[in-house]
Enquirer: 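Take a look at the following structure, please.
Order of the sequence lines sets the chain letters (A, B, ...), proteins ahead of strands, with each chain counted from 1. In what follows, every heavy atom counts, from backbone to side chain, and hydrogens, waters and symmetry copies are set aside. Because the structure is a prediction, the values reported are computed rather than measured.
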Amino acid sequence: MQIGEISQRCGITVRMLRFYEAEGLLQPHRTGSGYRDYSEADLEEAKRIKQLADAGLTVEAMHDLLPCIISPKPTFHPCDRLRARLEGEVAKLDQRLADMERSRSQIVGYLADLPVDTLVPMSQD
DNA sequence: ATTCTAACA
DNA sequence: TGTTAGAA
């Protein structure tokens with residue numbers, strides 16, 4: 001199948017499909033005219049990539065995770081790298097969560113210090 | 001009609 | 001990441 005079809009079937013934009021290929025995540029065959037030719041297996045792989053991308057993982061993380069994933073669902077296989085990788089991702093998320101909470105408190109503070117709005121009468125022409 | 005690569009705002 | 005130009 002061509003890139004446009006697999007794009008529709010896996011939900012990844014044509015742009016990103018080419019990008020992931022350049023990153024070595026997918027290796028579709030090429031037709032004589034140079035068009036990418038995706039197999040059903042490529043489609044399944046693309047669906048897995050979609051799952052990871054939706055989870056906010058980087059291409060590098062995908063490289064470690066993909067070989068451990070089975071089926072189009074995020075079902076994991078016991079690889080050693082996997083646990084470390086996943087724990088690292090959780091650590092990153094915890095850090096971001098902490099940073100966001102700090103920003104949130106800051107902004108909520110600004111809100112609390114804001115003077116009460118003065119009601120402006122609506123022009124009744 | 002579709003896709004390809006490369007490059008831009 | 002989107003978009004676009006010019007070629008195939």
Enquirer: Can you see if the side chain of A:Gln2 gets near the phosphate of B:dT3 - specifically, an N or O under 4.0 Å from OP1 or OP2?
Expert: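 It does, given that an N or O in the side chain of A:Gln2 lies less than 4.0 Å from OP1 or OP2 of B:dT3.
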
Enquirer: How long is the gap from CG on A:Leu25 to CE on A:Met16, to the nearest 0.5 Å?
Expert: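 Here the interatomic distance stands at 9.5 Å.
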
Enquirer: Whole-Å distance between B:dC4 P and A:Met16 CE?
Expert: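 My rounded result for the distance is 16 Å.
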
Enquirer: Using whole Å, report how far CZ of A:Arg30 lies from C1' of B:dT5.
Expert: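 It is 10 Å, rounded to the nearest whole Å.
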
Enquirer: Does any part of the side chain of A:Pro28, heavy atoms only, come nearer than 4.5 Å to the side chain of A:Ile6, both counted from C-beta?
Expert: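 Of all side-chain heavy-atom pairs linking A:Pro28 with A:Ile6, none is under 4.5 Å.
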
Enquirer: Can you see if the side chain of A:Arg36 gets near the phosphate of B:dT3 - specifically, an N or O under 4.0 Å from OP1 or OP2?
Expert: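 Result: no.
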
Enquirer: Between A:Val59 and A:Tyr20, is any pair of side-chain heavy atoms under 4.5 Å apart?
Expert: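 A:Val59 reaches A:Tyr20 side chain to side chain.
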
Enquirer: How long is the line joining CE of A:Met1 and P of B:dA1, in whole Å?
Expert: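 Rounded to the whole Å, the gap is 23 Å.
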
Enquirer: Side chains of A:Arg18 and A:Ile3: closer than 4.5 Å at any heavy-atom pair?
Expert: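 Yes - at least one pair of side-chain heavy atoms lies under 4.5 Å apart.
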
Enquirer: With a 4.5 Å heavy-atom cut-off, do A:Glu60 and A:His63 have their side chains touching?
Expert: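 Side-chain contact under 4.5 Å: no.
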
Enquirer: Using the closest heavy atom to pick a nucleotide of DNA chain B for each, name whichever of A:Gly34 or A:Arg15 lands nearer the 5' end.
Expert: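 Going by which nucleotide is closer to the 5' end, it is A:Gly34.
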
Enquirer: In whole angstrom, what separates A:Tyr35's OH from B:dA1's P?
Expert: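 To the nearest whole Å, that distance equals 13 Å.
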
Enquirer: Any chance you could encode DNA chain C as dot-bracket? Rule is Watson-Crick or G-U wobble with both distances under 3.5 Å; [ ] for pairs crossing earlier ones, | for another strand.
Expert: .|||||||

Enquirer: When we call it a touch if two heavy atoms are under 4.0 Å apart, what does A:Arg18 touch: a base, just sugar-phosphate, or nothing?
Expert: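 If one applies the 4.0 Å heavy-atom cut-off, A:Arg18 turns out to touch a base.
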
Enquirer: Can you check whether A:Met62 reaches A:Glu23 side chain to side chain, under 4.5 Å on heavy atoms?
Expert: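 Contact flag for A:Met62/A:Glu23 side chains = no.
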
Enquirer: In whole angstroms, how far is the P atom of B:dT3 from the CZ atom of A:Phe19?
Expert: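 About 21 Å, once rounded to whole Å.
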
Enquirer: Rounded to whole angstrom units, what separation is found between the CG atom of A:Leu17 and the P atom of C:dT1?
Expert: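 After rounding, the reported distance stands at 11 Å.
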
Enquirer: Does OP1 or OP2 of C:dT1 have a side-chain N or O of A:Thr13 closer than 4.0 Å?
Expert: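 No.
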
Enquirer: Heavy atoms only: give me the nearest A:Cys10-A:Leu17 pair and the separation to one decimal.
Expert: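 Heavy atoms of A:Cys10 and A:Leu17 come nearest at SG-CD2, 4.3 Å.
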
